[in-house]
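I have placed the structure first, in the form of structure tokens, so that the comments after it can refer back to it.
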There are 2 protein chains.
Amino acid sequence: MATPTLKTISKATGFSVTTVSRALGGYDDVNEETRRAILDEARKQGYTPNLNARLLQKQRTQTIGLIMPATSPRLTDPFFNEFVAGIGSGAATAGYDLLLSTDMTDTTEMETYRRLVSRGRVDGMVLVRTRHNDPRIAYLLHTKLPFVVFGRTDAAHNFTYIDMDGVAAQRLLTQHFIEYGHRRIAYAAPPPHLMFADYRIQGYRAALEAHHLPFDADLLIAGALTERSGREIAHQLLSLAQPPTAIMTGNDLMAFGVMRTIQERGLRVGDDIAVGGFDDIPTAEHIHPGLTTIHQPIYATGQRLVTLLVQMMNGDASPPRAILLEPELIIRASSGSQRA
Amino acid sequence: MATPTLKTISKATGFSVTTVSRALGGYDDVNEETRRAILDEARKQGYTPNLNARLLQKQRTQTIGLIMPATSPRLTDPFFNEFVAGIGSGAATAGYDLLLSTDMTDTTEMETYRRLVSRGRVDGMVLVRTRHNDPRIAYLLHTKLPFVVFGRTDAAHNFTYIDMDGVAAQRLLTQHFIEYGHRRIAYAAPPPHLMFADYRIQGYRAALEAHHLPFDADLLIAGALTERSGREIAHQLLSLAQPPTAIMTGNDLMAFGVMRTIQERGLRVGDDIAVGGFDDIPTAEHIHPGLTTIHQPIYATGQRLVTLLVQMMNGDASPPRAILLEPELIIRASSGSQRA
DNA sequence: ACTATATCCCGAAACGTTTTGGAAAGTCAA
DNA sequence: TTGACTTTCCAAAACGTTTCGGGATATAGT
């Protein structure tokens, strides 16, 4: 049995392919009786339109692209879990599909982008984890493909994005530790090529300055956004002649590593060394002790981004929007108690 | 500037569309010089083939479909995180894209399947979380679309799947608690419509029987695979006239809920009530106390499934394969210490 | 000089859909 | 009876690619 197509229905009913198409498409220039006959036959054959053909004709794909940064062999960061879920949910309610790509190891990231974007695979893209002079943004800007971004970049902001206010966030967290009586607050910072590292560090230094605390370069160490990196940095920091009494990190995963190292060295997280993370992934609440961190509405942000993207894909030509998220500080036991 | 197509290259180089296509396609019936000229022009124009057109012609999509069960508004279970990552990685290395769909709330699951499968959107599908007489499997079997499954179903196993040996796994865990001296071991079981619930319960009962322990229907409560459900069931169990001394659950998320309830009631997890989970998601290691659980190689399984699927999509007509995973017991502090 | 054989190229059809620009037949108003 | 509308239908083109079946031209073999 041949796959049902417009042609097979056309043959079966005696109407032309055009009429079948228009009947199925709900146009009003087809007789009710005819339409019924065609719909019946379509149902009988189990017809469903061939997406590729339709999209080739319409030059649209009803698909949104998302490329996962190839940080590790397995993207173990729950951040992405939530983010993808948000995007997926937003896409689904808007009637779009989500095309998920992970960078292949043997090809460059830009190739992956080109492959997807190259006329036809997706109607729009979602970007995450912006970098300095992000080549992906330059490329997408150049191709005119609609896209939205979680994060900013340093160049002109002529694109739509949502970003956490990293300056305010890190300042908030640093202040919190200062108010808890800490003087030596270390920062296991995100890798410097990531755009948000800059903002976070700015916030860190601003809080120190505001409270007339000296900036100690020994206490600022950049690492990767992994638990392992957190462990390594903690070792370095705790081996200092004057170790810090509080350690903040680029994300919760790093914070977990820091906590583990502290505990392995026989110290207590909170009472001996306070720890602060970033993201508020689910585990942050469950780990012991609970992790003080900055809450990011990751899921909701994913949804919002898709909403914005869908507007753009539907031809809304309003100027790009820039949305800055206000940080929310979540205080848990890893802060320890207020000091003298 | 028009989008680069075969035609624009053809115009620019003076060769026919056919020749351009064949040059780009690497056929050997085109002069080296010609090929070079065409390749140069293609690069200059930034040509990339239009996927839809190519696929319409080839009747393939180079895309694998995966539909997320719409359990909750946000699929908070890290299980899916890992699984998707595994599938994505497998797909990428095989040169396939991953189309991720979440069920829309206002349409039935089967419609989502039909939409994807309907001639053209995907070349194959990955299924997860099988149910009794799973209609998705019946449907896919009927459409002849290649697919692989994480999990089994009760009917004839005429499809390729990988599954954890749930009987052995739950027996292993139950045995572990029995050996630790527990007599009243409760089971907060997965929802009964899920296929693996059967196997797990079988394993649970088998272990009891093997050690001549009575089966107490009060100690077997089915729930949802969420933390919240774990909390509720724990409350029920702890309010029993004869509460259990150990509680096993359908997945780690439920176990977290159980642990929290135990702690809220002023009891100690492990020493007072032992807890066992299932899946070994990352948090299971970080939570306090660490959670005894059954390790599932989720990521690797995703990859393996894709490998199998790709073989099938490439026309390998060998009979379906059934792979059963051996469980691995991970003992952590939530087991408490051996009892008298 | 004639045939056989490579080598290089191309026109046309096909994949399944949507859309454009009518055509044919019927209805209505004058 | 004629023109103007309506209603219902359709042929053909188009989207960008691959592939089938040759057609030229040059080279080699006799």
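Below, chain A is the first sequence line, B the second, and so on; all start at residue 1.
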Cation-pi check, B:R129 to B:F83: give yes when NZ or CZ is under 6.0 Å from the six-membered ring centre and within 45° of the ring axis, no otherwise.
no
Is there a side-chain polar atom (N or O) of A:Q59 under 4.0 Å from OP1 or OP2 of D:dG16?
yes
Within the pair A:T5 and C:dC15, is there a side-chain N or O less than 4.0 Å away from OP1 or OP2?
no
Do the ring planes of B:H142 and B:Y139 sit parallel (below 30°), tilted (30 to 60°) or perpendicular (above 60°)?
tilted
Send over the distance from B:Y27 OH to C:dA6 C1', rounded to a whole Å.
20 Å
Could one point to a donor on the side chain of A:D29 or the base of D:dC9 with an acceptor on the other under 3.5 Å away?
yes
So, for A:M164 and A:L325, which heavy atoms are closest and what is the spacing to 0.1 Å?
SD-O, 3.6 Å
Residue met sooner reading DNA chain D from 5', once B:K58 and A:K58 are mapped to nucleotides:
A:K58
In whole angstrom, give the distance that lies between atom CG of A:L6 and atom C1' of D:dA13.
16 Å
Value in whole Å for how far the C1' atom of D:dC15 lies from CZ of A:R54
14 Å
Please check if any side-chain donor atom of B:R121 sits under 3.5 Å from a side-chain acceptor atom of A:T63, or the reverse.
yes
Relative to the 5' end of DNA chain C, which residue comes earlier, B:D28 or A:Y47, by the nucleotide with the nearest heavy atom?
B:D28
Remember a base hit wins even if backbone is also touched, and classify B:S21 as base, sugar-phosphate or nothing at under 4.0 Å, heavy atoms.
base
Among A:T130, A:L308, A:L305, A:V149, the one residue meeting side chain to side chain contact (heavy atoms under 4.5 Å, CB included) with A:Y161
A:V149
Residue A:Q57, side-chain atoms from C-beta onward, closest of D:dC15, D:dT18, C:dC10
D:dC15
Show the nearest heavy-atom pair for residues A:N81 and B:P78, with the distance to one decimal.
ND2-CA, 3.9 Å
Check every atom of D:dC10, C:dG16, D:dT17 against the side chain of A:R22 and return the nucleotide holding the closest atom.
D:dC10
Can you tell me the distance, in whole Å, between the CZ atom of A:R60 and the P atom of C:dT18?
14 Å
What is the distance, rounded to the nearest whole Å, between atom CD of A:E32 and atom P of D:dC9?
10 Å
Indicate, with a heavy-atom threshold strictly under 4.0 Å, whether A:T18 touches base, sugar-phosphate, or nothing.
base
Check the distance between D:dG16's P and B:N50's CG and give it to me in whole angstrom.
7 Å
Starting at atom CD of B:Q45, determine the distance to atom P of D:dG16, rounded to an integer number of angstrom.
13 Å
Rounding to a whole Å, what distance do you find between A:K7:NZ and D:dA12:P?
15 Å
Against the side chain of B:N31, the closest entry in D:dC9, D:dC10, C:dC9 is C:dC9
From the candidates C:dT20, C:dC9, D:dG16, the one with an atom nearest any side-chain atom of B:V30 is C:dC9
Measuring from the side chain of A:A53 (C-beta onward, heavy atoms only), which nucleotide among D:dC9, C:dG16, C:dT19 has the closest atom?
C:dG16
Contacts of B:V20 and A:V17 projected onto DNA chain C by closest heavy atom; the upstream (5') one is B:V20
